[in-house]
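Sequence lines set the chain letters: A, B, ... in the order given, protein chains first and strands last, and positions in each chain run from 1. For the numbers below, each heavy atom of this structure counts, side chains included, while hydrogens, waters and symmetry mates do not.
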2 protein chains.
Amino acid sequence: MATPPTSGGGWPAPGPSAPSSAPRKERSPGRCGGSTPPAGRSSTQSRPGGAFKRPTPLPRGVPSDESPAGVRTLTAPDAASAAALVTDGLGADALVALFGRCTVDYEGRAASELGPGDRHVMLKPDGAALVHTDEGQQPVNWQPPGCEHDCRATEGATVVESRRTSPEESLVVRFSTVAHAAAFDVSDHETPEVIGTEADLKRRILEEPSLVEDGFTPLATERKTPAGAVDVYGEDDAGRTVVLELKRRRVGPDAVGQLDRYVGALRRDLHADAEVRGVLVAPSVTGRARALLAERGLEFVPLTP
Amino acid sequence: MATPPTSGGGWPAPGPSAPSSAPRKERSPGRCGGSTPPAGRSSTQSRPGGAFKRPTPLPRGVPSDESPAGVRTLTAPDAASAAALVTDGLGADALVALFGRCTVDYEGRAASELGPGDRHVMLKPDGAALVHTDEGQQPVNWQPPGCEHDCRATEGATVVESRRTSPEESLVVRFSTVAHAAAFDVSDHETPEVIGTEADLKRRILEEPSLVEDGFTPLATERKTPAGAVDVYGEDDAGRTVVLELKRRRVGPDAVGQLDRYVGALRRDLHADAEVRGVLVAPSVTGRARALLAERGLEFVPLTP
DNA sequence: GCCTAGGTCCCGTTA
DNA sequence: TAACGGGGCCTAGGC
C-alpha cells in the first residue's frame, strides 16, 4: 500500500497547495540549496504578532466514527502528506502535533542544536511551538506565541520552521520520518480559576489587617515608589509608615532585597523624619533571608494564602 | 461500526486489565462514589520519584504501513479503549497524548478549576503531565515529573489523574469525549548544545579578563560567601578585591541586589581594611538598575555572551 | 516598545 | 532534603 493510512478528515480537503488564509510571503529557498520538488511543497503562515483571534467559525466536517469533528490524523505519512496536513491544519487554526525522528536547531536570543531523536512537536495557531522529549515538564526547544509557522517537504524530510521578529528568532525542526501527525480543532473559552496566589494573600490582608499586626491600617496597594510599586502600603497604630511585601510561598534573599529597595526609596522620598517599617509577609523564610532581614532592620510575619 | 477505528498496534496488546509493571497500590475509590464498571477499569502507575530510567528495551512491533514501530493511536475511542491505550502506553514507557473535551482540576501548592474545553494532554513516562490549550507556550495546567499517572474509564468518562507527594499534589483531567489518543515510543538520548548562556560569558571572561578591565585577575569562580556563591572572584591591578556578577541578558534591579549582597558579605568577611568592588557584567542595564548601582557604589561593564 | 514582578514557575547543583 | 540562582525563562500589567 503506497498511500499512508489516514483517519479523520474533519475539514473540506483543500489539497496540499491550497493558499493559506494569511498573505503568502515569498521566501528564499532553505539551506538545502537545491530547488524543492513542487509535489512536496507546502507551507503556511500563522497570523503574525500577538493578535490571535479566530476570524470565523471553523469548518467542521460531519462527525462520524472514522472522521469525528475537528480531528485529522496521519500515521507514517510521507513528507509531502505530513506537510500538507500541517499546512492545512494551521490554515484552519488547528493545533497541530507531529511525532517522529527529528533534529532541532534554534537561533535567536541564544542558539542551540539537538541531534536526532524521537520527539513530540506541537504547533499552536497563536504561533507557539513546543518540542517535547519523554522527560521533563519543560520543552527541550520552543518558540513563544507570535511566530509564523511554516512546514514543507524537502528532499524527503518534513521541515517545520517557526520564526518571529523582535527578537529575530527561528526554530527549525527536521523530521527524517514522521511517525504520526494530527491536527486538532480546538475550542476553549475557559480560563482557569486559581486559588492560593499572591492576590489571594493580599485580599486576605485587606479584609483583616490585624493578620499582619494589631492596629495596622492599609492605605494603598501597588503604591508607586521610585524603586517600584509596593504590594501594600499603610501605617501602624503609632502612625509609622509600613510597607508590606507579600509572597505566596517560602521566600529567599531576593524577596528581602525587593522589600529593602522599597523601604529605602520611601525613606528617601518621604519627610526626613518619617519612620518607615518594612514587613515581609509569607508562609516562611529561609535562613539567609532571615539573616538579611535582621541586617536590614526589616520584619517578618508568617502568613499563608 | 461500534468499535472505534484504530491504527497502529506497535506493542503486543496486553489487554485493558494487564497488570502494570510497577507494584499496584490499592487506591480508594474516586470522587464518583459508585463502583466502577470492571469492563471500563484500567489503570497504571509510572515509576514514582525522580528515578526515571528505562529498565529494558521497549517492545516494538513489526513496522508496517499500518502499524509503524512505536506508535499506537485511536480516533474517537470509547472511554474504556482510551483508558486501555493510556495504561498500556505508560506501562511501556511511552509518551501518551490525549485530545478531546475535558475539565481539569488541580490541587496542591495552589488549586485551580478549569471548565469544559478542547485540550491536548500529554503524559510523560517520567511522571510529568501537561494540559495545553490552543494558546500560549505554557500549559494551562500541569504536573511536574515524579508523578504517578493513573487512567481509568468511569461512567463513560476517561479520567486521568497524576499525583505526587511532597508536596502532595493531584491533577485530574476528565474527558467527556476523547477525540484522539496516541502512545509514542520515544527514544531520545540527545542533549541540546546551547550557546549564549551565562556559562559562556564566564568562560569568555576567564579567557580574556581584560574584557572586564585592564589588570583584572580572576582568582576563583563560584567562591562561597555567607550570602551565596559569587560568579567570579578576583582582584584589580591595585590589589583590591573584585566581585563579578554575570548576566546573559539585560538586567534589572534584582541583579543589583544580588551583587550588593555578595559585596556586603565579603566586606564583612574580609579584613576590615579590605576594599571590595562589585561589578555587574551584562549586555545592558535598565534605568532603575543603573540608579541602584550608583546608590550602592557598584559598577557596570557592558558585555554580551 | 520597555520595565517590573509573579509563577502550582522548572531546573540543576550543592551543602 | 532544602536552598539558592539561572532561564532562549513565560506571562500579565503599566507606562
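- Put simply, CD on Gln137(B) is 5 Å from P on dT11(D), counting in whole angstrom units.
- As judged by a 4.0 angstrom heavy-atom cut-off over every strand, Lys224(A) is placed among residues touching the sugar-phosphate backbone only.
- The side chain of Arg109(B) has dC9(C) as its nearest neighbour among dG6(C), dG8(D), dC9(C).
- Taking a pair to require two hydrogen-bonding distances under 3.5 Å in either a Watson-Crick or a G-U wobble arrangement, dG6(D) pairs with dC10(C).
- Among the heavy atoms of the strands lying under 4.0 Å from Pro144(A) is at least one base atom, whether or not backbone atoms are also near.
- Distance from the side chain of Pro145(A) is smallest to dT11(D) among dT11(D), dG8(D), dG6(D).
- Under 4.0 angstrom from either OP1 or OP2 of dG1(C) there lies at least one side-chain N or O belonging to Ser166(A).
- Here the straight-line distance linking atom OG of Ser112(A) with atom CG of Leu171(A) works out to 7.5 Å at 0.5 Å rounding.
- Considering CG of Leu130(B) and CE of Met122(A), their distance stands at 7.5 Å, rounded to 0.5 Å.
- Put simply, CG on Leu114(B) and OH on Tyr106(B) are 14.0 Å apart, with the number rounded to the nearest 0.5 Å.
- Closest to the side chain of Thr197(B), from the set dT8(C), dC11(C), dG8(D), is dG8(D).
- To the nearest angstrom, C1' of dA5(C) lies 9 Å from CD of Glu245(A).
- The CG atom of Leu201(B) sits 15 Å away from the C1' atom of dG8(D) (whole-angstrom rounding).
- Using a 4.0 Å cut-off between a side-chain N of Lys or Arg and a carboxylate O of Asp or Glu, Arg164(A) and Glu148(A) do not qualify as a salt bridge.
- Both Val194(A) and Ala227(A) sit near DNA chain C, but only Ala227(A) has its closest nucleotide nearer the 5' end.
- Among the protein residues, Glu169(B) comes within range of the nucleic acid bases, having at least one heavy atom under 4.0 Å from a base atom.
- Side chain of Arg250(B), nearest nucleotide from dC3(C), dT8(C), dC4(D): dC3(C).
- Atom pair Arg249(A):CZ and dG5(D):P shows a separation of 13 Å (rounding to whole Å applied).
- Of all nucleotides listed (dG6(D), dT8(C), dC4(D)), dT8(C) comes nearest to the side chain of Arg248(A).
- Comparing dT4(C), dG8(D), dT8(C) by their closest approach to the side chain of Pro253(B) singles out dT4(C).
- Rounded to a whole Å, the NZ atom of Lys247(B) is 15 Å from the C1' atom of dG8(D).
- Annotation for Gly136(A) and Lys124(B): closest pair O-NZ, 2.8 Å, computed over non-hydrogen atoms.
- Under 4.0 Å is where a charged nitrogen must lie from a carboxylate oxygen, and between Asp188(A) and Arg119(B) at least one such pair does.
- Residue Lys202(A) contributes atom NZ, which lies 13 Å from atom P of dA5(C) at whole-angstrom precision.
- Among the nucleotides dT8(C), dC11(C), dG6(C), the one closest to any side-chain atom of Gln143(B) is dT8(C).
- For the pair Tyr262(B) and dG5(D), the criterion of a side-chain N or O lying under 4.0 Å from OP1 or OP2 is met.
- Among dG6(D), dT11(D), dT8(C), the nucleotide with an atom closest to any side-chain atom of Glu198(B) is dG6(D).
- Within the structure, a side-chain polar atom (N or O) of Trp142(A) is placed less than 4.0 Å from OP1 or OP2 of dC10(D).
- Regarding Gln138(A), its CD atom lies at a distance of 13 Å from the C1' atom of dT11(D), rounded to whole Å.
- Between Ser112(A) and dG8(D), a side-chain N or O to OP1/OP2 separation shorter than 4.0 Å is absent.
- Taking atom CZ on Arg290(A) and atom C1' on dA2(D), their separation rounds to 15 Å, with Å as the unit.
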